[in-house]
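Below you'll find the structure, written out as structure tokens, and then a few comments.
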Amino acid sequence: MKKGQIIEGIVERMDFPNKGIVICEDGVCTVKNALPGQKVRAAVNKARNGKYEGRLLEVLEPSPAETKSPCPHFGSCGGCTYLSFPYEESLAVKEGQVRRLLAPVLASQDTECRFEKIKESPAVYGYRNKMEFTFGDEVKDGPLALGMHKRGSFYDIVSVTECRIVEEDYRRILRCVRDYFAAQQEQGIGISFYHRLRHTGYLRHLLVRRATRTGEILIALVTTSQMKGETVEGGMEEQEILDGLKERLLALSLDGRIVGVLHIRNDAVADVVRSDETRVLYGQDYFYEELLGLKFKISAFSFFQTNSMGAEVLYRTAREYIARYLCDAPGEDEALRKDKVVYDLYSGTGTIAQLMAPVAKKVIGVEIVEEAVLAARKNAELNGLHNCNFIAGDVLKVLDEIEEKPDVIILDPPRDGVHPKALSKIIGYGVAHILYISCKASSLARDLEVFLSRGYEAERCVAIDQFPWTTGVECVCLLTNRKSKPDSAEKTVDLKWCRA
């Protein structure tokens, strides 16, 4: 194959995260977003050392597994990938991807890893508790759009007013905000969206967070500061415009309850939601969510799993994997604890640390985002947990400062995995058991190679569908030090604590 060549072929499988493997007359080509079983036409845009990558031009024939998508935006919106597949088929695709990634690594260990069937999300529609919508236009110089990036485009925006992975409240809020600013433009008010190429304009993002358990809603309008203190074309001031939006939002009929409306100014060039300044227009700048009997206070930028019910599956699994090494009989009798010190590295807002705290002597959480650490401390206090110590800092540096050595280590790193130097320090503790939670299977596979080469073996592993219909998948892997005594693994543990 040559660069620029047009090919046709059948997608044999889909490798992580969204690489369709296309078999054609001239060889094998990787085509992103091509689904297993489809016959596709693609243009080869990379050809190097016998490896070829192509850009999807057209689906000539659908996959035999495909059905009609329940979302009118599917195909144009870049959010979901598998929405035309039955849910069970999408689970099989994801599990296959993870197995193919990890199999070559796990083959190097002497014992067999117990690789379990993928765990599904309790909710497959309306499951997200956080959405970041972007202002723009669907076509150049078209009407105002508010939604998700168009598939394969950095600039074009699709107004996802019928998005299926969020509750109806999100759709009502999105339509309200888009229609409000579109009406302002029609009346000659000089409000434009932020042009990412020219770096001019006002409207950037709409951030909506809604707690699944409590129904509390936090809404944040993200803009530039280019209208700050000015009267715009049409004679309105910025505050007057924001107050009008606030009143529209508060007048909405919603299933949940708005507890806060924020205005965030952000002048960063990068197309990310961040804050240079945050003002409360109504209510408060946080909301509460509940997971597995614990309560969490969450702000606009707090890290929290975006699928609350899926997170309960994830954390129950983590507790089950590690329970026997923390407690002889987890439950009401804390005297049966083994008095272990647990490191929760990359702890975020401390969710995992607080779930482990009842059966540990002490849990030490380390997180680089200071705001998340402050939230973790407040949440632990809120839940009456006094054996959690959260430290703000880079894991690589903080590990040298902690005096208490761990008995068990839990890792939940960002997508890129654990920094190689930090990984070496973690392995250097020589703890009997390490629990690795990963949101990117390829990073897990890379780090597993290091663990296995340094005396650990993978004992159990499972994929969890935390993000239905998308290419994302979580993995939980229990690692055991080959030098550790095997007797603890033989004990029968009351897992009622894990299932609570």
ring-ring contact (aromatic ring centres under 6.0 Å, His included) between Trp469 and Tyr125: does it pass, once the steps are laid out? CA-CA 9 Å; Trp469 312 120; Tyr125 298 113; 5.6 Å; yes
Check: [X] side chain, [Y] main-chain N or O, donor-acceptor pair, under 3.5 Å:
X	Y	value
Arg151	Cys80	yes
Glu320	Arg316	no
Asn387	Ala357	yes
Lys297	Ala375	no
Ser275	Ile264	no
Ser453	Val450	yes

Give, for atom [atom1] of [X] and atom [atom2] of [Y], the distance between the pair rounded to the nearest 0.5 Å.
X	Y	atom1	atom2	result
His419	Ile426	NE2	CD1	11.5 Å
Phe85	Leu35	CZ	CG	4.5 Å
Leu291	Gln305	CG	CD	9.0 Å
Arg210	Glu167	CZ	CD	5.0 Å
Arg324	Leu478	CZ	CG	8.5 Å
Thr317	Arg460	OG1	CZ	8.5 Å

Mind checking whether [X] and [Y] have side chains closer than 4.5 Å, heavy atoms only?
X	Y	answer
Lys340	Lys361	no
Arg171	Arg164	yes
Leu435	Val408	no
Phe287	Arg209	yes
Gln97	Met14	yes
Val398	Asp394	no
Lys46	Lys51	no
Leu355	Leu292	yes

Check against salt bridge (Lys or Arg N to Asp or Glu O under 4.0 Å), Arg213 and Glu290: CA-CA 6 Å; Arg213 299 296 186 195; Glu290 297 173 0; over 6 Å; no
Pairing donors with acceptors under 3.5 angstrom, does anything connect the side chains of [X] and [Y]?
X	Y	result
Ser225	Asp267	yes
His205	Asn266	no
Thr30	Glu53	no
Tyr321	His433	no
Glu289	Thr214	no
Asp407	Tyr325	no
Ser347	Glu367	no
Ser308	Asn129	yes
Asn307	Ser121	yes

Tyr456 and Phe451 aromatic ring geometry - parallel, tilted or perpendicular at 30°/60° bounds: perpendicular
Is the ring pair Tyr288/Tyr286 parallel, tilted or perpendicular, if the boundaries are 30 and 60 degrees? perpendicular
Under the side-chain contact (heavy atoms from CB on, under 4.5 Å) criterion, do Leu411 and Ile434 qualify, and how do the steps go? CA-CA 7 Å; Leu411 303 172; Ile434 296 174; 4.0 Å; yes
Could you check Arg55 against Val31 for side-chain contact (heavy atoms from CB on, under 4.5 Å), going step by step and ending with a plain yes or no? CA-CA 6 Å; Arg55 177 172 56 87; Val31 180; over 6 Å; no
Assert yes or no for the condition that the ring centre distance of [X] to [Y] is strictly below 6.0 Å.
X	Y	value
Phe301	Phe303	no
Phe304	Phe296	yes
Tyr429	Tyr343	yes

Around atom CD of Glu116, are there more than 12 heavy atoms of other residues, nucleotides or ligands at under 6.0 Å? yes
Does CD in Glu370 sit with more than 12 non-hydrogen atoms of other residues, nucleotides or ligands closer than 6.0 Å? no
Taking the six-membered ring of Tyr194 as reference, does the cationic atom of Arg204 (NZ for Lys, CZ for Arg) lie under 6.0 Å from its centre and within 45° of its axis? yes
Salt bridge (Lys or Arg N to Asp or Glu O under 4.0 Å) evaluation trace for Lys119 with Asp465: CA-CA 6 Å; Lys119 295 188 177 185; Asp465 190 25; over 6 Å; no
Pair Thr306, Phe467 - check side-chain contact (heavy atoms from CB on, under 4.5 Å), show working. CA-CA 8 Å; Thr306 54; Phe467 318 100; 3.6 Å; yes
The test is salt bridge (Lys or Arg N to Asp or Glu O under 4.0 Å); show your working for Lys378 and Glu381 and say whether it passes. CA-CA 5 Å; Lys378 290 178 181 177; Glu381 183 179 348; over 6 Å; no
Between Thr278 and His263, is the side chain to side chain donor-acceptor pair (under 3.5 Å) condition met? List the steps. CA-CA 6 Å; Thr278 298; His263 174 220; over 6 Å; no
Ignoring hydrogens, what is the shortest heavy-atom contact between [X] and [Y]? Give both atom names and the distance.
X	Y	value
Leu444	Ser438	CB-OG, 3.6 Å
Ser442	Leu101	N-CD1, 3.7 Å
Lys425	Leu399	CB-CD1, 4.0 Å
Ile157	His149	CD1-ND1, 3.7 Å
Leu452	Leu479	CD1-CD2, 4.4 Å
Pro413	Tyr436	CG-OH, 3.5 Å

Answer yes or no: is there an ion pair linking Asp339 with Lys362, defined by an N-O contact shorter than 4.0 Å? no
Audit row: Ile464, Val476, side-chain contact (heavy atoms from CB on, under 4.5 Å) steps and yes/no: CA-CA 8 Å; Ile464 298 173; Val476 179; 3.9 Å; yes
Go through the steps to decide whether Glu132 and Lys130 satisfy the test salt bridge (Lys or Arg N to Asp or Glu O under 4.0 Å), and finish with yes or no. CA-CA 7 Å; Glu132 296 176 355; Lys130 176 185 177 183; 3.5 Å; yes
